[in-house]
There are 2 protein chains.
Amino acid sequence: MATASTTQRLFQQFEPELLKKVQQVGLVRKFKAEEYLMQTGQQIRSAVLVLDGVIKVFREDDEGNEVFMYNLHPGEACAISMTCAARQLSSQIMAKALVDTEVLAIPVELMDEWALKYRSWYQFVLETYRSRFEELLDTLDHIAFRNLDERLLWYLKQHQKSLKSNFIKTSFTDIALELNSSREVISRLMKKLAEKGHVKLHKNEVEILNLKM
Amino acid sequence: MATASTTQRLFQQFEPELLKKVQQVGLVRKFKAEEYLMQTGQQIRSAVLVLDGVIKVFREDDEGNEVFMYNLHPGEACAISMTCAARQLSSQIMAKALVDTEVLAIPVELMDEWALKYRSWYQFVLETYRSRFEELLDTLDHIAFRNLDERLLWYLKQHQKSLKSNFIKTSFTDIALELNSSREVISRLMKKLAEKGHVKLHKNEVEILNLKM
DNA sequence: ACCCTCCTGTGATGCTTATCACGCCCAAAG
DNA sequence: CTTTGGGCGTGATAAGCATCACAGGAGGGT
């Protein structure tokens with residue numbers, strides 16, 4: 001199957017035996033762009049490894065405000081899914097496919113078993129945590145210290161990197177939602193960025209020209 | 001020794017054999033109030049379990065701004081120390097004792113060994129991550145969505161809980177630093193809180209009367 | 001063609017918070 | 001006693017952003 005070579009490429013650090021098991025028991029699940037992989041309060045029964053695509057992980061509060069946490073890419077895993085799965089807790093987060101996405105779901109029971117058996121799995125879990133933690137701290141820094149114009153730039157850079165594209169097909173309204181701002185403000189800031197030659201604005205789409213400042 | 005009963009009480013979930021090892025190899029280190037346990041860029045060579053006291057974990061950027069992350073209490077462990085130790089990385093965070101504090105340092109080599117050997121240790125590491133992650137998310141929520149007055153209340157509640165005391169001996173200047181605000185603003189907000197009967201202001205000290213709102 | 005909806009641009013206004021500029025009190029040091 | 005420095009209170013001012021109000025354009029459906 002196609003998954004075998006993909007997993008092998010993405011998870012080279014796994015011991016051969018572990019890799020084989022991952023391929024055997026991992027359940028491939030596909031999601032369309034914009035589809036939700038996980039929603040607040042949902043029970044988690046498996047750890048999620050990303051095979052292809054991009055997953056946006058974020059939080060939403062009672063009033064519909066959202067906090068962006070980080071994006072997940074192929075070869076990465078969702079830290080939340082790991083702990084919550086391990087402890088049978090419901091998640092407090094949302095995960096949404098930004099493009100068509102493919103993940104590998106590992107049943108929770110095996111997580112524990114593997115951790116005790118395969119050093120590379122344990123290391124992988126730890127590394128997953130470490131990276132997500134770092135990313136979350138980075139997000140925290142930006143929200144705490146940066147003004148909206150810098151955060152907007154950061155948003156654009158993130159999407160450019162995650163989607164490997166200079167075209168972002170998102171409405172200002174959605175960008176505003178993600179940055180906890182308002183459409184009008186984003187509109188004005190985008191205009192400034194366009195004037196400075198960093199972006200070019202199209203209908204329903206932002207083209208990134210040059211974000212070096 | 002005194003540590004034996006303390007560790008037993010705090011880490012009941014550990015298997016007896018693991019508990020014994022923890023007591024054998026754990027190095028007890030004491031810190032005075034206000035002392036730093038860890039500073040940005042410092043190499044980490046052991047995981048830290050808190051035995052007594054309170055540790056404030058936070059970040060500091062180039063310009064001296066700080067972001068509060070969470071407080072650690074007896075029975076808890078520093079997630080950062082765990083991953084960084086495991087991967088021999090330097091920390092990007094600061095940790096400071098809020099009161100006289102006692103910790104148990106576990107050499108990094110044993111972390112890996114125990115993870116493969118003791119289910120309860122692996123569970124403990126996972127749980128540590130999960131809790132710190134949750135706390136970090138909580139902090140993120142507050143910074144992203146709450147106004148300064150609510151964040152000040154949150155700050156007071158945290159200290160009340162962590163220090164188990166209704167008296168906070170901290171200058172407004174320091175509180176402002178922690179909340180990324182300015183002394184004047186804290187002064188005005190405190191006055192409001194005092195007028196509403198939530199706190200009573202003393203020289204160099206805030207007395208918490210009632211934070212229920 | 002027409003309507004309807006979604007996306008965008010722009011001015012006006014006000015809230016929250018940062019910053020500046022003082023002056024006051026108190027305590028420790030000279 | 002006087003000086004000095006740290007903590008505090010308070011007004012004035014301004015930056016950053018949210019919100020409201022309104023208008024125009026583009027596209028899809030009927």
Side-chain angles (χ1 to χ4, degrees), chain A residues 33-34 61-68 140-156 159 167-208 213, chain B residues 34 61-68 141-156 159 167-208 213:
Chain A
E34 305 295 305
D61 76 356
D62 332 313
E63 292 124 34
N65 301 312
E66 73 174 67
V67 210
F68 170 77
L140 193 60
D141 272 0
H142 276 267
I143 295 184
F145 299 133
R146 309 299 172 187
N147 282 349
L148 204 48
D149 50 356
E150 289 190 68
R151 290 176 54 212
L152 179 56
L153 273 174
W154 186 64
Y155 172 93
L156 293 174
H159 276 253
F167 294 86
I168 302 183
K169 283 183 284 294
T170 312
S171 72
F172 289 1
T173 310
D174 285 351
I175 297 178
L177 185 69
E178 180 149 323
L179 295 175
N180 298 121
S181 176
S182 57
R183 184 190 60 75
E184 298 94 316
V185 175
I186 298 297
S187 172
R188 288 186 249 260
L189 289 178
M190 280 292 192
K191 193 185 169 193
K192 272 196 209 166
L193 287 183
E195 280 165 2
K196 288 187 196 159
H198 296 121
V199 299
K200 193 168 175 184
L201 304 179
H202 305 274
K203 176 78 185 173
N204 240 317
E205 189 177 54
V206 178
E207 178 182 358
I208 296 171
M213 313 218 65
Chain B
E34 304 296 306
D61 76 355
D62 332 313
E63 293 125 33
N65 301 311
E66 71 174 70
V67 210
F68 170 77
D141 272 359
H142 276 266
I143 294 184
F145 299 131
R146 308 299 172 187
N147 283 348
L148 205 47
D149 50 356
E150 288 190 70
R151 290 177 53 213
L152 180 56
L153 273 173
W154 186 62
Y155 172 93
L156 293 174
H159 276 253
F167 293 87
I168 301 183
K169 283 182 284 294
T170 312
S171 72
F172 288 3
T173 310
D174 285 352
I175 297 178
L177 184 69
E178 179 148 323
L179 294 176
N180 296 118
S181 176
S182 56
R183 184 190 59 78
E184 299 93 316
V185 175
I186 299 298
S187 173
R188 288 188 249 259
L189 290 178
M190 280 291 191
K191 193 182 166 191
K192 271 196 210 165
L193 288 183
E195 280 165 2
K196 288 187 197 155
H198 296 120
V199 299
K200 193 167 176 186
L201 303 179
H202 305 274
K203 176 78 187 173
N204 241 317
E205 191 177 52
V206 178
E207 178 182 358
I208 297 171
M213 312 218 62

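Reminder, nothing fancy here: chain letters follow the sequence lines and each chain counts from 1. Worth knowing before you read on, the calculation uses all heavy atoms, side chains too, and leaves out hydrogens, waters and symmetry mates.
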Enquirer: Across nucleotides 19-26 of chain D, 5' to 3', mark each nucleotide with B, S or - according to how protein heavy atoms within less than 4.0 Å reach it.
Expert: BBB---B-
Enquirer: Go through the structure and list residues passing side chain to side chain contact (heavy atoms under 4.5 Å, CB included) with A/D141, not counting sequence neighbours.
Expert: A/F145, B/R59, B/V67
Enquirer: How long is the line joining CG of A/N65 and P of D/dC17, in whole Å?
Expert: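 Whole-Å distance recorded here is 17 Å.
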Enquirer: According to the interplanar angle, ranging from 0 to 90°, do the rings of B/W154 and B/F68 count as parallel (below 30°), tilted (30 to 60°) or perpendicular (above 60°)?
Expert: perpendicular
Enquirer: Of all residues at least two apart in sequence or in a different chain, which pass the side chain to side chain contact (heavy atoms under 4.5 Å, CB included) check with A/E150?
Expert: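 By the side chain to side chain contact (heavy atoms under 4.5 Å, CB included) rule, A/E150 matches A/R146.
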Enquirer: How long is the line joining CG of B/L189 and C1' of C/dC15, in whole Å?
Expert: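 Rounded to the whole Å, the gap is 14 Å.
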Enquirer: Side chains of residues 181-189 of chain B: which donor-acceptor partners sit under 3.5 Å, not counting sequence neighbours?
Expert:
none

Enquirer: Excluding sequence neighbours, so at least two apart, what forms side chain to side chain contact (heavy atoms under 4.5 Å, CB included) with B/N204?
Expert: B/S171
Enquirer: What residues form a ring-ring contact (aromatic ring centres under 6.0 Å, His included) with A/Y155, not counting sequence neighbours?
Expert: A/H159
Enquirer: Tell me the interatomic distance from B/I175, atom CD1, to D/dC8, atom C1', rounded to whole angstroms.
Expert: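 Distance check: B/I175 CD1 to D/dC8 C1' gives 12 Å.
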Enquirer: With no hydrogens and no angle check, is any side-chain donor or acceptor of B/N180 less than 3.5 Å from a backbone partner on B/E66?
Expert: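 Looks like yes, one N/O pair under 3.5 Å.
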Enquirer: From C/dT17, D/dC17, C/dC7, pick the nucleotide closest to the side chain of A/N147?
Expert: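 Looking only at side-chain atoms, A/N147 lies closest to D/dC17.
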Enquirer: Starting at atom NZ of B/K192, determine the distance to atom P of D/dT10, rounded to an integer number of angstrom.
Expert: 13 Å
Enquirer: Taking the minimum atom-to-atom distance to the side chain of B/S171, which one of D/dG9, D/dA18, D/dC8 wins?
Expert: D/dC8
Enquirer: Please tell me if A/K191 has a side-chain N or O lying less than 4.0 Å from either OP1 or OP2 of C/dT8.
Expert: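 No, because none of the side-chain N or O atoms of A/K191 sits under 4.0 Å from OP1 or OP2 of C/dT8.
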Enquirer: For B/T173 and for A/D149, find the nucleotide of DNA chain D with the closest heavy atom, then tell me which residue's nucleotide is more 5'.
Expert: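 With B/T173 and A/D149 compared, the 5'-side residue is B/T173.
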Enquirer: Quick one: A/R151 CZ to D/dC17 P, roughly how many Å, whole number?
Expert: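 Interatomic distance, CZ of A/R151 to P of D/dC17: 9 Å.
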Enquirer: Rounded to whole angstrom units, what separation is found between the CD atom of A/E195 and the P atom of C/dG9?
Expert: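 Rounding to the nearest Å, CD of A/E195 and P of C/dG9 are 11 Å apart.
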Enquirer: With a 4.0 Å cut-off on heavy atoms, is A/N180 in touch with a base, just the backbone sugar-phosphate, or nothing at all?
Expert: sugar-phosphate
Enquirer: D/dC8 C1' sits how many Å from B/L201 CG, rounded?
Expert: 10 Å
Enquirer: Think A/N204 has a side-chain N or O under 4.0 angstrom from the OP1 or OP2 of C/dC6?
Expert: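 Result: no.
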Enquirer: Find the distance B/L152:CG to C/dT16:P and express it as a whole number of Å.
Expert: 15 Å
